[in-house]
Amino acid sequence: MRFIETMLRTHPRADRERMADYASVIDALEQCAGICSACADACLGEAGELLRRCIQVSLDCADVCAATARLVLRQTETPNDLVHAQLHACALACRICAEECEALTLRHQHCRVCAEACRQCQERCNFLIGELSSSAIAEDVNPGESPSML
């Protein structure tokens, strides 16, 4: 079991139904943040090549992923709509970074790794967005009503 999932299991307010989903997203976010930072550093180390845009979007993505991981990790009274919006922003940052890095993969292997991590993180963010959206819809339904009555 991952440490983050173990921690969530000990949290008195953790969402028990989605604990594994939260842990998976947090792992992807933290991994992506580290890989994006490493990619930006590798771009700085490329001799004679200007990779300013890749460095910028990689650093932006790393920061957004790290902030998103911290927000998703908080289980006590964090507004669901805030988490939802942050996940959207993170998926966008990951998409932008992945697209930039994918354009550079033939020359730079570190960009290939970064693009893959960003795509995986984008996918995990979008998955959790869907899960949170479906739970919000379910919560809006009165206990005696079925969703078809809406």
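The residues of the chain are indexed from 1 along the displayed sequence. Hydrogens, waters and symmetry mates play no part in the numbers below; they use all other heavy atoms, side chains included.
- Residues Leu87 and Val72 have side chains in contact (heavy-atom distance under 4.5 Å, counting atoms from C-beta outward).
- Between the CG atom of Asp27 and the OH atom of Tyr22 there is a distance of 15.0 Å, given to the nearest 0.5 Å.
- The shortest non-hydrogen separation linking Gln122 to Cys94 is CB-CB, 3.8 Å.
- Rounding to the nearest 0.5 angstrom, the gap separating the SG atom in Cys36 from the CD atom in Gln31 is 10.5 Å.
- Inter-residue side-chain proximity for Cys65 and Cys121 is flagged as met; some heavy-atom pair is nearer than 4.5 Å.
- A donor-acceptor pair is defined here as one N or O able to donate and one able to accept, closer than 3.5 Å; no such pair exists between the side chain of Glu77 and the backbone of Arg74.
- Side-chain atoms of Val64 and Gln86, non-hydrogen and from C-beta on, do get closer than 4.5 Å to each other.
- Residues Ala69 and Ile26 approach most closely at O-CG1, 4.3 Å, considering heavy atoms.
- With no hydrogens or angles considered, no side-chain donor-acceptor pair links Gln56 and Arg53 at under 3.5 Å.
- Of the possible polar contacts, one joining the Thr105 side chain to the Glu102 backbone as a donor-acceptor pair under 3.5 Å is found.
- With rounding to the nearest 0.5 Å, the separation of CD in Glu46 from CG in Asp41 is 10.5 Å.
- Considering SG of Cys43 and CD of Glu100, their distance stands at 8.5 Å, rounded to 0.5 Å.
- Two residues are said to be in side-chain contact when any heavy atoms from C-beta on lie closer than 4.5 Å; Cys54 and Cys39 meet this criterion.
- Here the side chains of Arg95 and Cys118 are not in contact, with every heavy-atom distance at 4.5 Å or above.
- Within the structure, ring pair (Phe, Tyr, Trp, His ring centres under 6.0 Å) pairs that include any residue of residues 69-95 comprise His84-His88 (at least two apart or interchain).
- Both Leu132 and Ile129 belong to a single network of hydrophobic side chains, linked directly or stepwise wherever heavy atoms of I, L, V, M, F, W or Y lie under 4.5 Å apart.
- Clustering of Ile, Leu, Val, Met, Phe, Trp and Tyr by side-chain heavy atoms under 4.5 Å joins Ile35 with Val113.
- Here Leu51 contributes atom CG and Ser58 contributes atom OG; the two are 9.5 Å apart, rounded to the nearest 0.5 Å.
- At a threshold of 4.5 Å between side-chain heavy atoms, the hydrophobic network of Ile, Leu, Val, Met, Phe, Trp and Tyr places Phe127 and Met19 in two separate groups.
- In this structure, the side chain of Ser24 does not engage the main chain of Ala20 through any donor-acceptor pair within 3.5 Å.
- The hydrophobic cluster around Val57 extends to Leu92, Ile96, counting ILVMFWY residues whose side-chain heavy atoms fall within less than 4.5 Å of a member.
- Salt-bridge formation is not detected for the pair Glu123/Arg119: no Lys NZ or Arg NE/NH1/NH2 atom is positioned less than 4.0 Å from an Asp or Glu carboxylate oxygen.
- For the atom pair Ile55 CD1 and Leu59 CG, the distance stands at 7.5 Å (nearest 0.5 Å).
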